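To start, the structure itself, in structure tokens.
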Amino acid sequence: SALFGPSRRNSGGLDLSSPAVLAQLDLALAAVATPERSAPIVDGRERENQAAKPVLDPADHRRVVGEVVDASPADVEAALASARAAFPAWDDLGGEARASILERAADRLEADRARFMALAIREAGKTIPDALSEVREAVDFLRFYAAEARARFSQPVRLPGPVGESNELMLGGRGVFACISPWNFPLAIFVGQVAAALAAGNAVVAKPAPQTPLMAAAAVRLLHQAGVPPQALHLVPGGPAIGEALTVNPLVDAIAFTGSTATARHINRLRAAMDGPLAPLIAETGGLNAMIVDSSALPEQVVADCLESAFRSAGQRCSALRVAFIQREAWTRIQPLLAGAMAELSLGDPALLSTDVGPVIDEASRRRLLAHGGRLRHAGRMIGQSACPPDCRVGTFFAPMAHQLDNLDLLQSEVFGPILHVIPWEAGRLEQVLDCVAATSYGLTLGIHSRIDATIAQVIARARIGNIYVNRTMIGAVVGSQPFGGLGLSGTGAKAGGPNTLIRYGVERCLSVNT
Ligand code: NAD
């Protein structure tokens, strides 16, 4: 069948074995030493109204990557009022013109790839391959939503009707979107939300995560330089208080949120208590993601895919593998391979190409992982652990670990980091495994490793999961090919980077004329 959607190409990779490419990255990393800055950007002007706080490198807290000035409630109010005033003109501009601006931003971002990669490495502790994926995904979101806006938000669609009547369906913006994003994809998700909202014709006030304000500020400047009117896109850095100030402001017509399930629920409650028009919440939240492995699976492939899915990005992907349900016979063969492979993982400076796993984002995150690791040590059987670098105390490192458990009693909600749980299961008990997955009520990603078609079909038929991956890793959804997002506790949809995403950021109006 024909491929869905307008033609478009995803951003290309880089040859990381090329000395020229690495030299360019080294230069960009050295340039980060000139501290970056993030501040409220309202109407294109960067506010200086509060004391700046340092933003530290999670791999080495002695290194100041930049500084951030948090937004005040007055900044939020000013940004929203300006966005509200700017909305009609931005919406009226039409999908075609907005698409051209977003594509120009994509080209600039791609051209400035080394700088943004360097920032992802220093501000978010991303390894070099992760930093590259981060920038590519942001570029892809810009081009993907631009193409969607051009195809669907430019011209009204004519609908059938009787002779003497014309019917048209018009897609346009909702108004002012508040975009609230997490630190774990500080560029890709930040830009993805903003690009979707802008493409559909909305004005945007964006709040990045407090851990990663620098990349967000750099992205907003780039979008303005590419032609997004400063009144149509504002940045309000800050933590939960600024998120709440946005959430409860009646000037906000809709919210795009990506982050934890608990925060999404909190935002939902705050909005529900408000008077005025009903504002939709698009929430992409956490997961308790499982991989189901039967005895027909290839052990070496399972080990490689478990390592990648559970420990890449220090396990700080919402899609990451948390629980591997492995059939007992297969587990006997897989366990020593997994333990051996984990011992080989190299933990350390993310700016080195030899590093597999970088730091976790901050001390609060490391403490949560240490507490969970302590409970696991007490209750379960440790299967494997990677080694910490000798100087790991300069940053927030947490060595990947894997534990065998009998059930999910110790894992009732998402634990965000490089901890893998393994639960062996007996032949003939696949349905009980599926019950266990369903009982978590999350529905983000699921991996299946099997060479038996009937088993794969049985799992797919039961699983209410947004993204299912068969005989491969379960991370790294590709824009336009693997629309990403979950069900149940994992989110409301719309999926990011899919053919139905943009419509969720817009409104539909129908015009019927008696001709
Ligand atoms: P978080 O919920 O702590 O924060 C997310 C954003 O919400 C941040 O900008 C934060 O400042 C803001 N926030 C926090 N409290 C708020 C409040 N009371 N009101 C308004 N805003 C508030 O999440 P995090 O730690 O930044 O990110 C990690 C989480 O994100 C994980 O749960 C992960 O699974 C999830 N995530 C989901 C997806 C997805 O697509 N489903 C993608 C990436 C991350």
Side-chain angles (χ1 to χ4, degrees), residues 182 184-185 258-262 284-293 302-326 331 334-335 338 341-342 345 357 360-361 365-366 368-377 379-386 398-425 433-449 459 463-469 472-477 484-491:
N184 69 327
F185 287 95
T258 307
S260 63
T261 308
E284 298 293 330
T285 57
L288 226 176
N289 311 307
M291 180 187 280
I292 298 175
V293 180
V302 172
V303 170
D305 291 349
C306 277
L307 283 188
E308 180 87 353
S309 305
F311 304 131
R312 179 153 179 192
S313 318
Q316 301 175 115
R317 290 180 179 235
C318 48
S319 52
L321 167 63
R322 307 291 177 207
V323 196
F325 292 91
I326 306 184
W331 179 228
I334 288 170
Q335 179 172 359
L338 182 65
M342 286 184 68
L345 282 180
V357 180
V360 295
I361 191 69
S365 179
R366 197 176 76 95
R368 275 194 296 274
L369 293 165
L370 283 171
H372 185 66
R375 284 191 293 274
L376 289 172
R377 270 208 189 84
R381 277 145 284 175
M382 167 96 86
I383 300 156
Q385 183 159 31
S386 313
F398 183 87
M401 56 166 67
H403 287 259
Q404 183 177 330
L405 299 172
D406 298 325
N407 54 49
L408 281 180
D409 289 354
L410 278 175
L411 193 65
Q412 291 301 307
S413 58
E414 180 186 52
V415 175
F416 207 62
I419 302 183
L420 174 64
H421 310 79
V422 178
I423 302 183
W425 55 281
V433 171
L434 293 170
D435 288 344
C436 195
V437 172
T440 69
S441 300
Y442 286 96
L444 194 50
T445 64
L446 175 76
I448 307 171
H449 266 285
V459 175
R464 299 285 300 152
I465 306 280
N467 288 71
I468 301 179
Y469 298 98
R472 47 153 288 169
T473 65
M474 43 196 280
I475 58 170
F484 185 77
L487 314 175
L489 289 180
S490 298

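All of these numbers come straight from a predicted model, not from anything done at the bench.
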Which residues share a side chain to side chain contact (heavy atoms under 4.5 Å, CB included) with N184, sequence neighbours left out
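Applying side chain to side chain contact (heavy atoms under 4.5 Å, CB included) to N184 gives P182, I189, F416.
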
Kindly write out the residues that satisfy side chain to side chain contact (heavy atoms under 4.5 Å, CB included) with S365, not counting sequence neighbours, or none if the list is empty.
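By the side chain to side chain contact (heavy atoms under 4.5 Å, CB included) rule, S365 matches Q316, V360, I361, D362, R368, L369.
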
Checking S313 now: which residues fulfil side chain to side chain donor-acceptor pair (under 3.5 Å) with it, not counting sequence neighbours?
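Only D130, R317 meet the side chain to side chain donor-acceptor pair (under 3.5 Å) criterion with S313.
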
With sequence neighbours excluded, tell me which residues meet side chain to side chain donor-acceptor pair (under 3.5 Å) with S490.
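Residues passing side chain to side chain donor-acceptor pair (under 3.5 Å) with S490: none at all.
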
Can you name the closest pair of heavy atoms from A320 and G315 and give their distance?
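Smallest heavy-atom distance, with atoms named: CB-O, 3.8 Å.
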
Might you point out which heavy atoms bring L307 and A341 nearest each other, and give the distance in Å?
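What the structure gives for the nearest pair is CD1-CB, 3.5 Å.
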
Any sub-3.5 Å donor-acceptor pair from S309's side-chain atoms to M474's backbone N or O?
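Answer holds: yes.
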
Gap between atom OH of Y442 and atom CD1 of I465 - 0.5 Å precision
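It comes to 12.5 Å.
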
Can you measure from CG (D305) to CG (L321) and round to the nearest 0.5 angstrom?
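Interatomic distance, D305 CG to L321 CG, rounded to 0.5 Å: 10.0 Å.
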
Looking at residues at least two apart in the chain, or sitting in another chain, which of them share a salt bridge (Lys or Arg N to Asp or Glu O under 4.0 Å) with E308?
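Only R312 meet the salt bridge (Lys or Arg N to Asp or Glu O under 4.0 Å) criterion with E308.
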
Review item, side-chain donor-acceptor pairs of residues 398-409, under 3.5 Å, at least two apart:
from: Q404; atom 1: OE1; to: W331; atom 2: NE1; distance (Å): 3.1
from: D406; atom 1: OD1; to: R381; atom 2: NH2; distance (Å): 3.0
from: N407; atom 1: OD1; to: D409; atom 2: N; distance (Å): 3.0

What do the steps show when you test V437 against V459 for side-chain contact (heavy atoms from CB on, under 4.5 Å), and what is the final call?
CA-CA 10 Å; V437 172; V459 175; over 6 Å; no

